[in-house]
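Quick note on labels: first sequence line is chain A, next is B, and so on, each numbered from 1. Values in this document were obtained by computation on a predicted structure and should not be read as measured data.
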Amino acid sequence: MRRALLCALLAALPTGAAAQSSQFGVRGLGYPGRALSAHATGSAGAFGLFDPESSLNPAALGAVTAVTAVFTGVQDFRSVENPAGSESVRAARFPQVAFVGPVPRFPVVFGLSYSNYASRDFSIATTDTIALRGAPVAVNDTLSSRGGLSDLRFAGSYRVQGRWTFGGALHVITGSNRLESRRSFGDSTYRPSRESAEVSFAGVGASLGMILQLGPAFSVAATARSDGHVNVDRDSVRAGVVDLPYSFGLGVRLQASPRLMLASQALYHTWSGANSDFLAQGAPGAENNFEVALGGEYIGNVRRPFRLPIRFGVRYGTAPFLLQPEEQPTELGISLGTGTRFAQQRAGVDLALEHVWRSAGEFSERALLVTVGVSLRP
Amino acid sequence: MTGLVNAARAGRFAAVVSLAVAMLACQERLTAPGECPELCPGGSPAVFDTVLNPVPLSDSSIAGYVGRGSGIALLVSNGLPAANARAVYRFTARGDSVPLRDTLRAYTIDSVAIGLTISARDTLLDGLKLFLFQMPQELPVDSNLTFAQVEPLLTTDNLIDSILVADTLNAGQVRTTLRGTDLEKVAIPPGTGGVLSLAVAIGAPVATGVRLGSAAGTNAATFTTYVTLDVPDTGAVGRQSLTPSVAFNTFVRETTVEPDTTLITLGGEPSSRALLRFDLPPKLGDSATIVRATLELIPVEPILGLERAPAVLQARAVLADLGAKSPVSTDERILVSDTVSSGSADTVRLDVTPIVQFWQAAAERPEALSLTLQPEAATFTRAVFGSTRQPASSPPRLRITYLVSFPFENP
């Protein structure tokens, strides 16, 4: 019955659900991805550093007991407001795919994941009137981008004496932006113009992580990551280099009661290292950003903890790429999620609904993010 | 066994969920209003305007392409400043007998119909009348025929008939039928070869002109003779029609204008064409986007022609610069045209964007274009424009509006 309800809920989702793109991803590398599974998203990412289906902490792989494949789709309805007007938009992406599995007879787990590092999907329409041949002519410009950066992670974890788990990962950062600029004229004697370019990225990073079990109910997780830099090629010609940030994360998890688990995490990214690179391109620049999340998971039936738990959380953070100098975007999100496993826990589905508010000066947006995760344990 | 069943259920469920996710992901609407400069990485496209003159002394016109009478229309007028012209048709010989049942039969003419096709006229002019004259057999109707030879023959004695053109008829066929004693007006004397030559003049309250159909336009004059054969059979077989086709047609004009080789002349007959050569600057290389290119031609005098029967200025890209014999593109996508009205000395503008874009895209092609005035040798319009060869005149200009390469912001 519960499964039927879950299916009905999924089927009832509006067909226009859209993705995690944002007007705050127009500048810089795009809107940063969160590398979270639907499971972790349901609690606003508070469990992200402990979640083996997410890609934040390689040490989290230590919790994996069976080979698992995870597929996550994120979609959003977004309402955008800025001085030029407002619009409701939507988009879709698949930001997290992971394959993890333990090595038999060894306390070792390996994982391969593919995460969204930054999303740069947008279409921006502007209008203006310019003087051509001595007469005012209305022009309509559309600048659009499709693509972003992805993070291909090869990770492993090792559990030491039951309490400590260490992990390490190699990250290959790659992707492209397919950019297109279109201009049409109010005077039809001027032909519309269209120009496109493809900007591709390539970089390598590494991360380390650990989880320490302090007693039966309390755990601490930490991670550090360096992404070095990413080479930027435009139409196959080297266009420059952008420094990528160091990232640091700290998380705690508390089993407050047999039915309730609470967690919190904080992430910090040193994007200001790329500030000069962006300023050189004429962009407003970048600043360090952080995210703090607090969430929990309530289990209705402790014997069947994977049957429709209730996940909840709230997060607050800043976005690294500026639209205006000295005006760093902020983001507040509240989440609600659930999930289930079935077929002797060989398969599972997780659902997360998240409402976020983003703003920077006169630019703001709010979005409903719908995250669906499917996991298989063959 | 239970494990297999459960695995199958899991697979089905995963498939359903995956399908739901895929369906959800299929729709996308990303366009949002933008505020510059915050949401305009790279800024806005920059538009520039530049004006080019032809390469000095390389803009010229060449006469002699389509000869008088070889165009798709013949000109007839009554003192029109553009041309005072008369049209002449010579039909093939009409035999004096008709073969029927292996025997040549003599015939009796019942009636004769002569038809003319009006291709263009001043559509606001009422009371237009066409006059048909039979030319004497001794007049050689060929390409050497002159106005001075024809005009004295347009007398009442040679008048066949006049046709009042309906004021509502802008283009189409007009026809007259002769019977009885009027047949004498188109009688072809025996022993002269059976050839009828016809001259056409017009009458109107004011000076005007018409363009009549020609053999090249497959709508030349028609000459139909309805006859009764000299056979005992009084049925339908005895009634036949003879329709000699036009063997030659031309028009003659009172004055002949020799094109000034230091200016750009379009039209006239034999028709003149122009070849303009430009040199696009490097800034208009393949990275620029040309959004509009306008060729501007400055007349040195008001353009002569027939009111409300405009000619068409046509430009084609030149495929190889071989001077007067330069091959031009037949690709309709890079053929541009616009009408040219007479009576004005205003600058004539022609949108040649596709041609300039063609130059930009095919560097091996000459940056040259060919201009013609259509229909060639079949319009009253004759335009003379300034050239770099004539310092006192204003040479052609090519005004190009273009966008430079958009500076996409490299993150």
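Of the atoms belonging to A:Arg341, not a single heavy atom falls under 4.5 Å from chain B. When heavy atoms are compared at a cutoff of 4.5 Å, B:Leu403 approaches chain A solely by way of its side chain, counted from C-beta outward. There is no contact between A:Gln345 and chain B, counting heavy-atom distances below 4.5 Å. Residue A:Ser86 touches chain B through its backbone alone, counting heavy-atom pairs closer than 4.5 Å. If you measure heavy-atom distances from B:Thr401 to chain A, the contacts under 4.5 Å come from both the backbone and the side chain. Neither the backbone nor the side chain of A:Phe321 comes within contact range of chain B, judged by heavy atoms closer than 4.5 Å. With a 4.5 Å cut-off on non-hydrogen atoms, A:Phe363 touches chain B through its side chain but not through its backbone.
Taking each heavy atom of A:Arg191 and B:Pro354 in turn, the nearest pair found is NH2-CD, 3.2 Å. Nearest heavy atom pair, residue B:Ser44 against residue A:Arg183, reads CB-NH2, 4.3 Å. Scanning both residues, B:Asp351 and A:Thr189, for their nearest heavy atoms gives OD2-O, 4.1 Å. In terms of heavy atoms, B:Phe408 sits closest to A:Ala197 at CD1-CB, 3.5 Å. Minimum interatomic distance between B:Asp49 and A:Arg133 (heavy atoms only, all atoms of both residues): OD2-CG, 3.2 Å. Nearest heavy-atom pair, B:Pro41 versus A:Phe122, reported as atom, atom and distance to 0.1 Å: CG-CZ, 4.5 Å.
When the candidates B:Thr289, B:Thr353, B:Leu39 are compared by the number of heavy-atom contacts under 4.5 Å with chain A, B:Leu39 comes out ahead. The residue among A:Arg377, A:Glu195, A:Arg194, A:Glu362 with the most heavy atom pairs within less than 4.5 Å of chain B is A:Glu195. Among A:Gly361, A:Ser196, A:Ala280, the residue with the largest count of heavy-atom pairs under 4.5 Å with chain B is A:Ser196.
Formation of a donor-acceptor pair under 3.5 Å by the B:Arg292 side chain with backbone atoms of A:Ser188 is not found in this model.
Residues A:Ser193 and B:Pro45 form no side-chain contact, since every pair of their non-hydrogen atoms from C-beta on lies 4.5 Å or further apart.
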